[in-house]
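Below is one structure, written out as structure tokens; the observations come after it.
Chain letters run A, B, ... following the sequence lines, proteins first, then strands; residues in each count from 1.
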There are 2 protein chains.
Amino acid sequence: MDQEEARSRILDAAEELFYGRGIQTVGMDELRAAAGVSLKRLYQCFPAKHDLVEAYLRRRDARWRAELAEHVSRHAATAEDRPLAVFDWLRTWFADPGFRGCAFINSFGELGPVSDGVTGVARHHKQAVHAYVTGLVSALPVGDPALLAGQLVLLMDGAITTAAVSGEPAAAEYARTAAEALVAAARAAGPGAAAGPG
Amino acid sequence: MDQEEARSRILDAAEELFYGRGIQTVGMDELRAAAGVSLKRLYQCFPAKHDLVEAYLRRRDARWRAELAEHVSRHAATAEDRPLAVFDWLRTWFADPGFRGCAFINSFGELGPVSDGVTGVARHHKQAVHAYVTGLVSALPVGDPALLAGQLVLLMDGAITTAAVSGEPAAAEYARTAAEALVAAARAAGPGAAAGPG
DNA sequence: TTCCTCCGAGAACGATCGTTCTCTACACTA
DNA sequence: TAGTGTAGAGAACGATCGTTCTCGGAGGAA
């Protein structure tokens, strides 16, 4: 087996186990078995468990954002649809049987206080998502795209955690209606618009 | 030392350590030392660690919601102010040096998949907060209080997690402005109001 | 074939953790 | 004063975990 393939299989197993059951709950030997590699190979690829944890989070960050962006660009016809398509994608994600909330929030809650690496990756992920959403709303005629993006990101994280804890995907619907209202309000206060009533 | 006092000191230490560093990171012996009780006493009060974890979460749930309700009832003059006062309280909480996100989301992310007890307490907490917010918005002339409450709860959870991961309390401001917009939109669509433009 | 190198399988090691057990000291009762 | 029950201090136990080490075998080069 190639070193490259071993690394990929280890990361696949790590993503399934770490995301599904938590990081500290999964031992290196169970991970080795799930990946189908030897312990020696595992430590060749990742010298310590925290290296594997951070690599898992980094890969998941890239893939998660790529899937989100692909769904948005594929399903949103106009610039107005794009921010809302984010929440449609969330709904399909919540319905996935393996859904268990945000991997970065979970990892941060579990290891943030004792791992600067985990904290850094989680923070980077949230910043990247924020930047992506800011890009989406910047195409809209709103007065303060940064404000609207910040609000939408709150709805995203709130929906993710609520859906995870409650076990029901309905949070995506609430978030979408809230996003519609916030986008509408931002457009009403957009450049060239009169000040709102009050 | 009284049994009652021992129990209280243990729960105090558990809350500080579990919330601040995570549950699995804190051992029973460190907890015993922080509480200033003997190991025998510790296991008399809580026969196993998971008993202590669930007791910690239940007590924190009650206290957290009581503090929130007290702040709202004390600082909000009118029914219109009450939902927004929630976010003012969040802002002060985020600024606390010990703030580290939502104890229930953190615990759920760490132990949810392997502990039905933790999952149950986290779910109960979120349902109770939802019920409280529903009560707040039910006093407002809005068409669908349950919908607005669901939206506001998403903003709360999103703000809490964003503030925790980013380490900056600014999320509370975004959440408050979003809450204002959502309340205004719900009032515009409230009972007796004409349908909105669109 | 013989040697060298690499790999997988899994034992082993040291540390930690949750939990229990032992020992000693002290307060209270007859 | 002798006896009894209880508490604290901390050793001990069994399990688990991250990590390293050992052993035996496979494959290529001379």
Among the candidates C:dG18, D:dG8, D:dT20, find the nucleotide nearest to the side-chain atoms of A:L39. D:dT20
Find the distance A:D2:CG to C:dC6:C1' and express it as a whole number of Å. 15 Å
What is the separation between atom CG on B:D29 and atom P on C:dT16, rounded to the nearest whole Å? 12 Å
Salt-bridge contact B:D61-B:R58 (side-chain N to carboxylate O under 4.0 Å): no
D:dG18 base to A:K49 side chain: any donor-acceptor pair below 3.5 Å? no
Inspect the contact between B:K49 and B:E54 and indicate whether a charged nitrogen and a carboxylate oxygen are less than 4.0 angstrom apart. no
Indicate, with yes or no, if A:I105 and A:F99 share a hydrophobic cluster defined by side-chain heavy-atom contacts under 4.5 Å among Ile, Leu, Val, Met, Phe, Trp and Tyr. no
Rounded to the nearest Å, what distance is computed from the CG atom of residue A:L52 to the P atom of nucleotide D:dC17? 15 Å
Among the candidates C:dG8, C:dT19, D:dT19, find the nucleotide nearest to the side-chain atoms of B:A48. C:dT19
Start at the 5' end of DNA chain C and walk down; is the nucleotide closest to B:K40 or to B:Y43 reached first? B:Y43
Any Lys/Arg nitrogen of B:R9 or B:D12 sitting under 4.0 Å from an Asp/Glu carboxylate oxygen of the other? no
Between A:R32 (CZ) and D:dT19 (C1'), how many Å, whole number? 14 Å
B:L42 atom CG is separated from D:dG10 atom P, nearest whole Å, by 16 Å
Which nucleotide in C:dT19, D:dT20, D:dA7 has an atom nearest any side-chain atom of B:R41: D:dA7
With a non-hydrogen cut-off below 4.0 angstrom, is A:Q44 in contact with a base, only sugar-phosphate, or nothing? sugar-phosphate
Length of the line joining A:L31:CG and D:dG18:P, which is rounded to integer Å: 9 Å
Exactly one of A:E16, A:E30, A:E110, A:E15 clears salt bridge (charged side-chain N to carboxylate O under 4.0 Å, His left out) with A:R21, and that residue is A:E30
So which one's nearest nucleotide on DNA chain D is more toward 5', A:G27 or B:S38? B:S38
In whole angstrom, what separates B:M28's CE from D:dT16's P? 18 Å
Rounded to whole Å, please give me the gap between CG in B:D51 and P in C:dG18. 13 Å
